[in-house]
Peer 1: 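I have a structure I would like to understand better, so I am pasting it below and will then ask my questions one at a time.
Please read these numbers as outputs of a predicted model, since none were measured by experiment. So that the names make sense, note that chain A is the first sequence line, chain B the second, and so on, each numbered from 1.
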Amino acid sequence: MRNEPRRRADYLGLREALGDRLLPVLVAAMSFLAALAMAGALASATLAARWQGDAASQLTIQVPQPTAPDASSKTSRLDSVLAALKAMPNVADEQVMSPKDVTALISPWLGADPAQLGLPLPGVISARWVDTAPPDALAPTLDKLSPGTLVQTGALWASRVAALTTSLQACAAAILIIVALVAAAVVAVATRSGLAQRRETITLIHALGALDDDIAGRFAARITLLAFAGAAAGAVLALPVLAWLGALAAPFAGPAQINDVFNLPPALMFALPGLPVIAAAIGWGTAQLTVRGWLRSLP
Amino acid sequence: MVKFEDVWLKYRHPARQGDAAAEALRGISFEIPEGGFRWLIGPSGAGKTSLLKLIYLAEHPEKGRIDILGTEAAKISRRDAALLRRRIGVVYQDFRLLPQLSAYDNVALPMRLARRNETQIHADVTEILRWVGLETRLHARPDELSGGEQQRIAIARAVVARPKLLVADEPTGNLDDEQAHRLMHLITALNRLGTTVVVATHNMGLVEKWPAPRLTIEHGKLTHAE
């Protein structure tokens, strides 16, 4: 049997030069932040979709002089409008608000007893628009039955919620970009530190005929492993925090929007495992660029 | 074959800019035919190591043309330069062994970089370590070896891949007479097998004992070429 020494594959000594502590810890922190930012973006999108749907479909119809006869003089204006709404297939959940509810609604502006002011109060009907087309023709139709009838929709609120969601997602995207850039900078600094520590070794193996591909590949392989491990740890550590935040937000989300186990949007459960892969890709690319750039200084 | 035509070398060290001493080599021209042997002699600081660095492609000349093993050095890609370096064995003055590797792994390094198979590596490395008298020190790291042993490991690493060109910078500096003679036997044996050899040395006794054409360099200029 031959007395063959065990082969030392790590001839660059990268296990020592690129230690297994600082870089993974920093990448784990970046991954943790990225997980929170992704969760924020996905949760805001999920909640906003629900809120936008609710707000946009809400209808409030004000009928002036509700007890006066309608255009046909057969019934009251309020009953006439209500009957017309019930007959429409794209309107649902029609409900006449009681005078007490109407008084409560306008009390912030007119006080607790607006009847004392002698102002005529309109009849108010709440309903839900269940069509994808906007309810543009609704107001003219009701106005013919009861002149002066006003139809208000939640479209304004829906547009405000959409703007808020867009800004939240833009913030999350900015955070993700910054996190990716910081991660790349951390990898570049770690790689340069490794290059500085192994300058003599690299210069020697370059002189012995090592290709730039070989040297950059060895650095990139080590960095990729460390970045993947760090990002995986960060994503795992983020899970309980995300589950806690998900539990806080659960009352605002519909039951179909959350995952049964962690109260998280299903899209996030698919995105989280992607973090280590993205971190590994950033690590590999940054290490390759950094090492190849450094090797250019050698003849 | 090694051919220099009016080669100038100037080190681009910021602290030495404008200093005449930064011009390491001036107008060097010589030719060593394939399979030739040359002693490179001259006083310390004359430019011997700089000239050797140009031969093993560790420096680019300021101007002039260098052909190494039939290839014009200035016209090859980085990849081809790396492949050309694999055909050149170098013995450095300061050994330049990798401290984290064993003697065996240090010697095996050029073959592993060339992606030779481990069976061949094992055969060649153990043979060459036996030849330099270090077959019992396979597992020793450089800091566990004496200066002479380190130099023998460096020599073994330079010749293990049977280079077409061997460049040695003071290879006998840390060796006793017996080891120096064994080394010269090895080098001349390689030379007889067709390896072109350039050996820089101060040791005129060695030069006298192993007669061969000389390149003499002084103050960066070649004063004598045979």
Peer 1: Run A/Thr203 and B/Arg96 through side chain to side chain contact (heavy atoms under 4.5 Å, CB included) and show every step you take.
Peer 2: CA-CA 10 Å; A/Thr203 306; B/Arg96 300 184 65 183; 3.5 Å; yes

Peer 1: Give a yes or no on this: more than 12 heavy atoms of other residues, nucleotides or ligands lie within 6.0 Å of atom NE2 of B/His202.
Peer 2: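 More than 12 heavy atoms, drawn from other residues, nucleotides or ligands, come within 6.0 Å of this atom.
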
Peer 1: Answer yes or no: are there more than 12 heavy-atom neighbours, outside A/Trp284 itself, under 6.0 Å from its atom CH2?
Peer 2: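 Result for CH2/A/Trp284: open.
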
Peer 1: With a 4.5 angstrom heavy-atom cut-off, could you sort out which part of B/Arg78 is near chain A: side chain, backbone, both or neither?
Peer 2: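 Answer is side chain: those atoms of B/Arg78 sit under 4.5 Å from chain A.
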
Peer 1: What is the distance from atom CG of B/Leu83 to atom CG of A/Leu211, rounded to the nearest 0.5 Å?
Peer 2: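 Going from CG on B/Leu83 over to CG on A/Leu211, the span is 5.5 Å.
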
Peer 1: By a 4.5 Å heavy-atom criterion (distance strictly below it), what part of B/Arg87 contacts chain A: side chain, backbone, both, or neither?
Peer 2: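 For B/Arg87, no heavy atom lies under 4.5 Å from chain A.
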
Peer 1: For B/Glu144, look at atom CD and say whether over 12 heavy atoms of other residues, nucleotides or ligands are found less than 6.0 Å away.
Peer 2: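 Correct, the count exceeds 12.
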
Peer 1: How long is the straight-line distance from CZ of B/Arg79 back to CG of A/Asp213, given to the nearest 0.5 Å?
Peer 2: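 Here the interatomic distance stands at 6.0 Å.
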
Peer 1: Which atom pair, heavy atoms only, marks the closest approach of B/Ala82 to A/Ala210?
Peer 2: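 Here B/Ala82 and A/Ala210 meet closest at CB-O, 3.8 Å.
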
Peer 1: Which heavy atom of A/Pro299 sits nearest to which heavy atom of B/Leu57, and what is that distance?
Peer 2: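 Of all heavy-atom pairs spanning A/Pro299 and B/Leu57, the closest is CG-O, 3.8 Å.
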
Peer 1: What's the verdict on side chain to side chain contact (heavy atoms under 4.5 Å, CB included) for B/Met111 and A/Leu208, showing C-alpha distance, side-chain angles and the deciding distance?
Peer 2: CA-CA 9 Å; B/Met111 301 185 79; A/Leu208 293 177; over 6 Å; no

Peer 1: Taking all atoms of both residues into account, what is the closest heavy-atom pair of B/Leu113 and A/Ile205, and its distance?
Peer 2: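 Shortest heavy-atom separation between B/Leu113 and A/Ile205 comes out as CD1-O, 3.8 Å.
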
Peer 1: Could you go step by step and tell me if B/Arg112 and A/Asp214 meet the salt bridge (Lys or Arg N to Asp or Glu O under 4.0 Å) rule?
Peer 2: CA-CA 11 Å; B/Arg112 288 191 173 135; A/Asp214 292 337; over 6 Å; no

